[in-house]
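Presented below is the structure to which this report refers.
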Amino acid sequence: MGAAPSAIGMREVRETPSVLYHGSPYCFDEALPSFTTPITDPECRRAVYASRERRVGLAFALGYRSIERSDFRRARLWCSQDEVFVAVRADLIDLDAESFLYQMPPTTFRTENGWEWLSTTKVVPLHRETVRAGAFLNFIAVVDDEFVYAVNEHAYDPFA
């Protein structure tokens with residue numbers, strides 16, 4: 001999750017939510033702390049990251065197409081008022097891939113900045129929802145070589 005709150009415009013909230021959201025292209029029964037940035041980065045932390053915002057969790061659930069490592073650029077995420085947006089190179093997201101949105105118990109999570117939550121211990125999700133990016137990304141525009149999408153609350157569950 002790594003970007004500063006001012007960079008994505010999240011409002012700072014200090015109270016602990018009843019549930020946090022963690023998105024992943026991987027299916028698992030336990031979330032183990034891992035690195036989100038290269039180990040050489042001084043900001044790098046080994047943790048499980050989550051958000052109080054469902055749409056932010058969905059943005060991190062994106063499935064990416066297999067491309068050359070040198071061509072890979074992660075999606076950029078930002079918020080404006082109550083909207084969540086993602087910008088990504090047009091051929092990078094697999095809109096039909098199944099991904100997963102997890103509801104996490106907040107008990108082992110802490111926030112250092114009011115918007116990004118992290119846990120340094122193993123976390124067992126309360127619930128796992130299977131989602132498809134094509135159902136929660138609304139295409140908005142092409143800017144340079146990136147597609148810009150709005151992330152909506154609805155997510156398709158292929159097993160519902």
Side-chain angles (χ1 to χ4, degrees), residues 1-10 17 19-39 41 43-104 109 111 113 115-119 123 125-160:
M1 301 188 97
S6 59
I8 62 170
M10 284 297 217
V19 67
L20 294 167
Y21 296 96
H22 174 88
S24 176
Y26 306 107
C27 183
F28 55 78
D29 294 323
E30 301 175 329
L32 300 174
S34 62
F35 294 109
T36 59
T37 58
I39 297 172
D41 183 342
E43 298 280 319
C44 181
R45 298 182 196 193
R46 191 174 178 92
V48 176
Y49 288 84
S51 173
R52 68 183 314 118
E53 302 284 336
R54 176 181 167 82
R55 290 173 296 168
V56 171
L58 284 167
F60 282 92
L62 294 174
Y64 295 100
R65 296 184 188 282
S66 178
I67 62 170
E68 292 295 321
R69 188 175 182 87
S70 60
D71 291 337
F72 184 74
R73 274 192 320 215
R74 291 192 75 81
R76 293 183 301 113
L77 166 70
W78 74 94
C79 298
S80 176
Q81 297 174 346
D82 289 333
E83 297 291 322
V84 176
F85 299 95
V86 172
V88 67
R89 202 176 81 193
D91 61 346
L92 192 59
I93 295 177
D94 185 350
L95 294 173
D96 295 319
E98 289 182 354
S99 297
F100 306 92
L101 180 66
Y102 297 89
Q103 290 183 11
M104 303 297 226
F109 285 85
T111 183
N113 54 27
W115 67 273
E116 180 180 53
W117 295 77
L118 59 112
S119 173
V123 181
L126 300 169
H127 178 71
R128 177 177 59 226
E129 182 179 349
T130 303
V131 297
R132 188 175 52 84
F136 64 79
L137 290 181
N138 294 333
F139 174 75
I140 295 191
V142 177
V143 178
D144 295 326
D145 65 341
E146 292 182 318
F147 278 26
V148 178
Y149 298 93
V151 180
N152 65 48
E153 295 280 337
H154 174 72
Y156 167 74
D157 181 347
F159 302 111

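- Proximity of P17 to W117: side-chain heavy atoms (C-beta onward) are separated by under 4.5 Å at one or more points.
- Residues V48 and M104 meet the side-chain proximity criterion, which asks for heavy atoms closer than 4.5 Å.
- Within the 4.5 Å cutoff, side-chain heavy atoms of V151 are placed close to those of L137.
- Within the 4.5 Å cutoff, side-chain heavy atoms of R52 are placed close to those of L20.
- With contacts defined as side-chain heavy-atom distances shorter than 4.5 Å, the pair Y49/E116 qualifies.
- The CZ atom of F109 lies 5.0 Å from the OG atom of S119; values are rounded to the nearest 0.5 Å.
- Atom CG of residue L118 and atom OG1 of residue T111 lie 7.5 Å apart, to the nearest 0.5 angstrom.
- The OG atom of S24 sits 8.0 Å away from atom CZ of F100, with the distance rounded to the nearest 0.5 Å.
- For the pair L95/R132, no side-chain contact is recorded, criterion being any heavy-atom separation below 4.5 Å from C-beta on.
- Scanning both residues, S99 and P25, for their nearest heavy atoms gives OG-CA, 3.9 Å.
- Aromatic ring centres of F28 and Y102: separated by under 6.0 Å.
- Side-chain contact between D29 and R128: present, with at least one pair of heavy atoms (C-beta onward) separated by less than 4.5 Å.
- Within the 4.5 Å cutoff, the side chain of L58 has no heavy atoms near those of the V84 side chain.
- Taking both residues in full, the closest heavy atoms of L101 and G57 are given as CD1-C, 3.6 Å, listed atom of the first, atom of the second, then distance.
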